[in-house]
Amino acid sequence: MRVTIKDIAQATGYSTATVSLVLNNKPFRIPQQTRRKILTTAKRLGYIKQQTERALKNVHSTTLGVIVPSINYPYNNRIVEGIENECHHNGWSMILMITNNDHNWQLGNIKTLKQRNVDGVIVINHFDDLSDKIVKLLIQLDIPYLVIGGPSDLPGNQVSVDNFYGGYLVGKHLLELGHRKIICLTGDMKLENTKQRLAGFKYASKELNVACEPTVVCGRYSHREIDKNFSQIDLRNCTALFIFNGLMAFATYSYLRQLGYQIPADFSIVGYDDLQSGYLAPLTTVSQRERELGHRAANILIRQTMTGTHLAEKITLKPKLIFRQSTRRI
């Protein structure tokens with residue numbers, strides 16, 4: 001039985017006019033995902049096989065490249081999930097490049113994605129000192145790009161979370177519970193997000209007119225470094241701990257429990273990154289809305305490609321404090 005344009009229109013849900021424009025490869029603004037669905041359906045139904053295959057070859061493959069430092073941290077994984085979901089929703093594909101926290105790999109991956117002719121690149125950035133090099137290379141190679149995180153003064157598209165506000169939420173919560181002897185386990189103080197979280201925490205005490213100068217311990221963002229981190233901490237002069245990293249917060253919770261302490265009876269703990277560790281430890285923590293970060297990032301690049309506009313967009317999301325059972329009033 002001969003397949004007609006009407007058959008394809010019924011199978012795809014598009015009008016016969018749209019199907020006709022696509023099958024005849026007319027220069028009309030029709031979304032790439034629409035073209036691909038119509039052509040794929042036409043080929044499956046057996047409509048003028050040679051012409052359909054020729055048209056399919058002419059459809060541009062819309063692909064985003066994603067560069068991530070590591071997939072061993074749930075924060076990154078959830079961002080990638082958000083990107084992939086948005087790509088799937090729009091009929092795009094995604095190429096994931098993992099750098100294993102190596103600066104040179106990150107720059108090399110950008111060049112590789114250029115060779116693969118991707119439509120845009122999303123960089124999940126953990127290296128403030130490398131941000132300028134990354135952006136300069138992307139501009140030099142003429143690749144549409146977006147950076148997730150990093151310094152706020154980067155040129156081009158950027159999606160980030162308000163780290164100052166995240167620190168402020170934690171400070172306000174602990175101070176309102178009556179805590180004054182607070183330890184902030186911060187990680188690398190050279191990082192912009194670390195500085196902003198600490199500044200936000202301190203601002204809360206100023207806003208509440210409460211005298212509180214936290215003890216700042218620059219530990220390592222690794223659960224393997226827990227003993228080394230606590231060798232710098234005097235628990236006798238502490239009622240609460242603000243841990244600037246999700247894995248470290250969970251490691252701290254487990255470490256104190258192993259020492260015989262009860263949480264929150266002996267110490268209150270607030271973490272950062274809602275790693276769903278509430279299933280193992282009921283940690284009060286700050287959610288950075290990672291999946292939404294990925295969704296917003298992919299949406300910006302896809303929309304700019306489809307519309308042909310490339311004005312820089314910057315979006316800053318407000319984090320949320322997730323209340324569980326690791327803090328108490330004193």
Side-chain angles (χ1 to χ4, degrees), residues 62-69 75-87 89-90 92 94 96-97 99 106-107 109-110 113-114 118-169 188 190-201 203 244 272-274 286-321:
T62 41
T63 306
L64 283 183
V66 179
I67 297 177
V68 59
Y75 168 83
N76 295 332
N77 297 343
R78 290 207 291 265
I79 291 177
V80 171
E81 285 177 15
I83 295 171
E84 188 169 29
N85 288 340
E86 184 66 14
C87 285
H89 177 74
N90 286 277
W92 284 44
M94 184 187 81
L96 183 64
M97 308 288 280
T99 69
Q106 194 165 32
L107 295 171
N109 284 343
I110 292 173
L113 290 172
K114 173 64 175 179
V118 297
D119 295 273
V121 171
I122 295 175
V123 179
I124 301 175
N125 184 56
H126 287 193
F127 308 113
D128 287 357
D129 58 339
L130 193 62
S131 299
D132 287 338
K133 292 182 180 179
I134 291 171
V135 170
K136 286 178 181 176
L137 180 59
L138 288 164
I139 293 173
Q140 176 188 335
L141 296 176
D142 195 28
I143 305 174
Y145 69 90
L146 183 144
V147 177
I148 296 179
S152 59
D153 59 351
L154 288 176
N157 295 312
Q158 186 175 29
V159 177
S160 57
V161 176
D162 189 339
N163 284 286
F164 182 92
Y165 185 67
Y168 164 80
L169 289 176
D188 189 353
K190 294 178 182 178
L191 295 176
E192 185 67 22
N193 59 10
T194 303
K195 295 176 185 177
Q196 289 297 313
R197 290 173 196 175
L198 184 59
F201 182 91
Y203 179 78
F244 282 36
Y272 220 90
D273 305 330
D274 182 20
V286 176
S287 167
Q288 299 198 70
R289 301 165 62 184
E290 295 91 346
R291 289 187 181 87
E292 187 173 353
L293 278 173
H295 159 73
R296 293 286 192 95
N299 179 266
I300 287 173
L301 281 186
I302 291 172
R303 174 165 41 80
Q304 288 181 350
T305 300
M306 302 299 290
T307 60
T309 59
H310 295 286
L311 296 176
E313 296 184 41
K314 290 186 179 289
I315 295 177
T316 302
L317 302 182
K318 291 290 186 183
K320 298 177 182 179
L321 186 61

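Side chains included, hydrogens not; waters and symmetry mates left out as well; all remaining heavy atoms used. Throughout, numbering of the chain's residues begins at 1 and tracks the sequence. Everything numeric here is computed off the predicted structure, so don't read it as measured data.
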Exercise. Do Tyr145 and Val123 have side-chain heavy atoms sitting under 4.5 Å apart?
Worked result: no
For this session: Determine whether Ile79 and Ile122 make a side-chain contact, defined as any pair of heavy atoms from C-beta on separated by less than 4.5 Å.
Result: no
For this session: Output, in order, the C-alpha distance, side-chain angles, deciding distance and verdict of side-chain contact (heavy atoms from CB on, under 4.5 Å) for Leu113 and Ile143.
Result: CA-CA 9 Å; Leu113 290 172; Ile143 305 174; 5.6 Å; no
Exercise. For the atom pair CZ (Arg291) and CD1 (Ile83), what is the distance rounded to the nearest 0.5 Å?
Worked result: 12.5 Å
Problem set entry | Qualifying residue, where the test is side chain to side chain contact (heavy atoms under 4.5 Å, CB included) with Val147 and the options are Ile124, Val159, Asn125 | Asn125
For this session: Over all heavy atoms of both residues, which pair between Tyr272 and Pro319 is shortest? Give the atoms and the distance, please.
Result: OH-CG, 4.4 Å
Problem set entry | Check: Glu81/Asn85 side-chain N/O donor and acceptor closer than 3.5 Å | no
Exercise. Only one of Val286, Asp273, Asn163, Leu198 forms a side chain to side chain contact (heavy atoms under 4.5 Å, CB included) with Phe244, so which one is it?
Worked result: Leu198
Problem set entry | Contact check, side chains of Glu313 and Leu146, non-hydrogen atoms, under 4.5 Å | no
Exercise. Please walk me through it: do Trp92 and Thr305 pass side-chain contact (heavy atoms from CB on, under 4.5 Å)?
Worked result: CA-CA 11 Å; Trp92 284 44; Thr305 300; 3.7 Å; yes
For this session: Kindly compute the distance separating CG (Asn90) from CD (Glu86), expressed to the nearest 0.5 Å.
Result: 5.0 Å
Problem set entry | Short side-chain to backbone donor-acceptor contact, Thr194 and Asp188, under 3.5 Å | yes
Exercise. Stepwise, does the side-chain contact (heavy atoms from CB on, under 4.5 Å) test hold for Glu84 with Val66?
Worked result: CA-CA 10 Å; Glu84 188 169 29; Val66 179; over 6 Å; no
For this session: Answer yes or no: is there a side-chain heavy-atom contact under 4.5 Å between Ile110 and Lys114?
Result: no
Problem set entry | Closest approach of Val80 to Met94 (non-hydrogen atoms, all atoms of both residues) | CG1-CE, 3.8 Å
Exercise. Could you state the interatomic distance from NZ (Lys320) to CD (Gln288), rounded to the nearest 0.5 Å?
Worked result: 13.0 Å
Exercise. Would a 4.5 Å heavy-atom cut-off, applied to side chains only, mark Lys318 and Arg289 as touching?
Worked result: yes
Problem set entry | Sub-4.5 Å side-chain heavy-atom contact between Glu292 and Arg296 | yes
For this session: Starting at CD1 of Ile67, measure out to CG of Leu107 and round the result to the nearest 0.5 Å.
Result: 8.5 Å
For this session: Could you tell me which non-hydrogen atom of Val135 sits nearest to which non-hydrogen atom of Pro155, and how far apart they are?
Result: CG1-CG, 3.6 Å
Exercise. If you draw a 6.0 Å radius around CG in Asp153, do more than 12 non-hydrogen atoms from other residues or ligands fall strictly inside?
Worked result: yes
Seminar exercise, completed: To the nearest 0.5 Å, atom CG of Asp119 lies from atom CG of Leu301 at 9.5 Å
For this session: Could you tell me whether the side chain of Lys195 reaches within less than 4.5 Å of the side chain of Glu192, counting heavy atoms only?
Result: yes
Problem set entry | Interatomic spacing from OH in Tyr75 to CD1 in Ile148 - rounded to 0.5 Å | 7.0 Å
For this session: Using the side-chain contact (heavy atoms from CB on, under 4.5 Å) rule, take Leu154 and Ile134 through it: C-alpha gap first, then chi angles, then the decisive distance, then the call.
Result: CA-CA 10 Å; Leu154 288 176; Ile134 291 171; over 6 Å; no
